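Every heavy atom of this structure was used, including side-chain atoms; hydrogens, water molecules and symmetry mates were not. If you're wondering where the values come from, they're calculated on a predicted model, not measured in any experiment. Letters A, B, ... are given to chains in the order of the sequence lines, protein chains preceding strands, and every chain is numbered from 1.
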Amino acid sequence: MGGIGMRVSNLLMPTLRELPAEAEVVSHQLLLRAGFIRKAAAGVYTLLPLAWRVIRKIEQIIREEMDRQGGQELMMPIIQPAELWHESGRWDVYGPELFRLKDRHGRDFCLGPTHEEIITALIRGEINSYKQLPLLLYQIQNKYRDERRPRFGLLRGREFIMKDLYSFDRDEAGLDISYNKMFEAYTNVFRRCGLRFRPVVADSGAIGGSDTHEFAVLAESGEATILYCENDECGYAANEERAEAVASTSTGNMAPLEMKKISTPDCRTIEEVALFLKLPPEKMIKTMIYSTEKETVAAMVRGDREINEVKLYNALGCIRLDLADEETVLRVTGAPAGFAGPVNLKGVKLVADREVMTLANAVCGANENDYHLVNVNPGRDFKPDIIADIRLVKAGEPCPVCGAGLHEAKGIEVGQIFKLGDKYSKALGATFLDENGKARPFIMGCYGIGVTRTMAAAVEQNHDERGIKWPVQIAPYHVIVVPVSTKDKDQVNAAEEIYQNLVTGGVETVIDDRPERAGVKFKDADLVGYPIRITVGAKGLAEGKVELYSRLEEQTMMVPLGDVVNAVKSKLRELAAG
RNA sequence: CGGGAUGUAGCGCAGUUUGGCCAGCGCGCUUGCCUUGGGAGCAAGAGGUCGGGGGUUCAAAUCCCUCCAUCCCGACCA
């Protein structure tokens, strides 16, 4: 892990006083300002020495935890032949996110966004027997995705460092074991990185598979919304996309009344209709018209709820899902948007949220301009093709496991673990022989950690107005020694001695030997975010003491010269213990 | 991909509306003096294809056409 001592006068650490205009989120701003990264192209960055040290520390923690679970590290090609992607079917499915290129002979290749194809093809050729399983293989390397819109600096780049582990088991039971190992490994990795995080139940997206968890670093700027149970014993936590709604019971056991059409001029939104009819939104059925690649769909949720498009997408099993345009709405409902309803709606697949089915004498659009239907009773007045949980769950709703309240938080997804099953092994014909000499596809799992994203997430979670506050475990250096004045020989000598002693003592240390004024050096130290600063000044030195400043705690203490190394080490242990 | 915006020195920006003197300011950088507990001061400097190409004009950073790049919102996102 590189040298553990460094002089700031030699360090490539180009700090900026002013904020680069291109940076919006805190991690991007601070990593640029503190001299960690520089942009080469949109979503493509050079990692300067300080950033690279952080990355290598994160990688090292990951390696240790992967190895502890029996993982073996290997290196796979970034350039991958189209052939394999044709075999898995993903050359066409992956879409424009796949960076594609041709060699001089016109053969197609891509830059690997992930390595299921490569590793499955490798295993197909090399592993033949159940006796060789399970197998856990991982890589830490650059991956590529041609994001439509790279943004947020390192949080969503087109080139990024990723750890991916792939597990190969003989059956589902084996996969469960591998999956649990990785769950434990990930928990250890993020804890050791000093991050506050939560594993959450997630949607498996296009990769398919049954179980999947995301690991979300809690931060206000996070793109993911997660819901978690207020009851710690329960521990339920899920991505908003996946958070299960508790099926509510009937809102009333009223006798069904006769359905009637009533005039509701200019009432297009639930709020307008509610106001006009003097009825609460939860008595209404919100009907949204969607288009998929194969059909038009009417999705219904209770008036006070919102549709969860991920759940709807899963319920429909479609590839594409978009809100229908104005023309389509007019064509299928015969009315402008705002008056759609499920009653007598022809040629459209009806999908109702489970909760809708509990409504009695409800209100919905009449599929006619300026009219709504009242006393609508699901089952009697319309029959959905699909009844499923398709709504968004909000904070305050009951936990689907224990019934306590759900809380909401924002998170940055830094890792995700998937059970793939035989999806890729079947597609690529990767099989082994079991005890009975029967060929069976490998049962696979894949487990990713965004390494560069983890670094950015750490900054999002650990900073203040002055700069970064690195958790000790992943700080680029632990200590910066700052002589207040480089003109004062005593200060310089004392600082140099402390620096040497720290380095000799195994503490990763830099010394700010630049002939700058104290303020400049302090500002840079705060910006870069060294956990500990040792300030050597005239006043303290007169008493044989220096100042130890803890960036994380924002506390200072005076330490006798002879005790510096021990004081630093014990403070670092204390900080690392959290 | 739809919508919005920007591109002038390493960074942050003014100048563009209404074309016209040498393209400016702050920070940073270089040299000297001075200063050294929170981004000091003085002085002297270096640094520019005004995003690229084409056009209009006596004259273009400024007007027109076109291409490119970058950022924001949305959609999208193993």
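- Using Watson-Crick or G-U wobble geometry with both donor-acceptor distances under 3.5 Å, B:rC34 finds no partner in any strand shown.
- Both the sub-6.0 Å distance and the 45° axial angle are satisfied by A:Lys419 relative to the ring of A:Tyr179.
- As a whole-Å value, the separation of A:Glu413 CD from B:rC77 P is 13 Å.
- Nucleotides B:rC34 and B:rA40 have their C1' atoms positioned 10 Å apart, rounded to a whole Å.
- Annotation: proximity of residues 532-545 of chain A to RNA chain B (heavy atom, distance under 4.0 Å) is found for A:Arg533, A:Thr535, A:Gly537, numbered in ascending order.
- Side-chain atoms of A:Lys39 and base atoms of B:rU70 include no donor and acceptor less than 3.5 Å apart.
- For A:Lys311 and A:Asp389, the salt-bridge test passes: some basic side-chain N is under 4.0 Å from an acidic carboxylate O.
- Ring-centre distance between A:Trp470 and A:Tyr530: not below the 6.0 Å cut-off.
- Taking the six-membered ring for Trp and thresholds of 30 and 60 degrees, A:Phe442 and A:Phe168 have ring planes more than 60 degrees apart, a perpendicular arrangement.
- One N or O donor and one acceptor, one from the side chain of A:Glu547 and one from the base of B:rG37, sit under 3.5 Å apart.
- Nucleotides B:rA5 and B:rU49 have their C1' atoms positioned 25 Å apart, rounded to a whole Å.
- Contact check of residues 477-485 of chain A against RNA chain B (heavy atom, cut-off under 4.0 Å) returns A:Val484, A:Ser485.
- The base of B:rG39 is paired with the side chain of A:Arg33 by a donor and an acceptor separated by under 3.5 Å.
- Judged by atom type and distance alone, A:Arg149 does not reach the base of B:rC1 through any side-chain donor-acceptor pair under 3.5 Å.
- Remark: A:Arg17, A:Glu18, A:Leu19, A:Pro20, A:Ala21, A:Glu22, A:Glu24 in residues 10-24 of chain A come within less than 4.0 Å of RNA chain B through at least one heavy atom.
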